Colleague: 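Handing you a structure now.
Atoms considered below: every heavy atom in the structure, side chains included; atoms not considered: hydrogens, waters and symmetry mates. The model shown is predicted, which means the values in this text are computed figures rather than measured ones. Atoms within a ligand are numbered from 1 in the order they appear, just like the ligands themselves.
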Amino acid sequence: MATGTLTIDLDALAANWRALDRQTRVETGAVVKADGYGLGVAPVARTLAAAGARQFFVAVAEEGAALRKALGPGPVISVFSGHMAGDTALLRAANLVPMINSVDQMLQHVESLPGHPFGLQLDSGMNRLGMEPAEWAALRDIAMSQNPTLIMSHLACADTPDHPMNSAQLQAFAEMTQGVDAPRSLAATGGILLGPDYHFDLTRPGIGLYGGLPFVDAAPVVTLDIPVIQVRDVEAGETVGYGATWTAQRPSRIATISAGYADGLIRAMGPRARLHHGDVAVPVAGRVSMDLIGVDVTEVQGEPETLQLMGSHQSVDTVAGFSDTIGYEVLTGLRGRYRRVYAE
Ligand SMILES: *Cc1c(COP(=O)(O)O)cnc(C)c1O
């Protein structure tokens, strides 16, 4: 078998949820959008529900419907994109709670699903989703009279604790929600770590559950092992891969491994990336191609059968750094051809 193996440690996932839950005295939800950050929404969500999560968040109604199938009728499932045209049947059938983002969405909701639960998303400064202060002021009394399940907003800079946006958004959210009688939520993973002022009634961690920054104490969740198809000797002066961008400086051994950018291994990481064989770090040699990557295994004793890109030696954020991106993008890109193993 030539496909890489993506091992997802469900115990580590549950441990990360509990660790984030212990950081606050309020309810801890779970964000499982984008197929559970690429790791498989059904096993991820069932594990988090077993750990104690009762409130789940997704980006779009279609994800909510898939999540409802995985979780059954109990947990609350909220949809960040709110109530869009065409969502009505799904919201009703899967009992999803749209987070209403605008007056237009509010009208859409009360006209098509009167009496169906909804939450409200406010913009406290990120300028991405949610009602602006003036819009909210106009709608507030009518919206509050219908008992929203939640009032939420999202922080733009929570991964940078001393960024002035954090306190500015906190103040804006506190002002916009002063005196409202509904549960409030501001913090995702980064916001949890900013401290109790940011916690309100419910937190919405995502990336920290999956082992990513800014939750530095997260247990690693993902291991990626990639099989070696072939190992060859090259002379000093020979080149490896497309564009002949890598030249052997000494007699070298090159392993060709079976994964590439079609499997979410970002092509731009090529020149800086390394993998591991046991404890030995081995650098990528040449360009990442669609299905294959060359790796300089000169320092490895014997014939390596697999090389590890992510796991105990190097985190998803380290791998993200090879191509100047973030762990979120690496995780959600791990699609393609891996064999997925859910370990407990
Ligand atoms: C993605 C998202 C989250 C989770 O954020 P993390 O940084 O992954 O913890 C929470 N709230 C909203 C609105 C989001 O879009």
Colleague: Tell me yes or no: between the side chains of T7 and T223, is some donor less than 3.5 Å from an acceptor?
Modeller: no

Colleague: Identify, chain by chain and in numerical order, each protein residue with a heavy atom under 4.0 Å from an atom of ligand 1.
Modeller: V31, K33, Y37, F80, R128, M152, H154, A188, T189, R204, P205, G206, I207, Y328

Colleague: Do the ring centers of Y328 and Y210 come within less than 6.0 Å of each other?
Modeller: no

Colleague: Say whether, by atom type as modelled, one donor and one acceptor occur between the side chain of D291 and the main chain of D263 under 3.5 angstrom.
Modeller: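 It does not hold such a pair.
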
Colleague: H276 and H313: side-chain donor and acceptor closer than 3.5 Å?
Modeller: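 H276 vs H313: no donor-acceptor pair found between side chains.
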
Colleague: Answer with yes or no whether the side chains of T3 and R337 bring together a donor and an acceptor at under 3.5 Å.
Modeller: no

Colleague: Is the closest basic N to carboxylate O distance between E299 and R250 below 4.0 Å?
Modeller: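 Salt bridge flag = yes for R250 with E299.
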
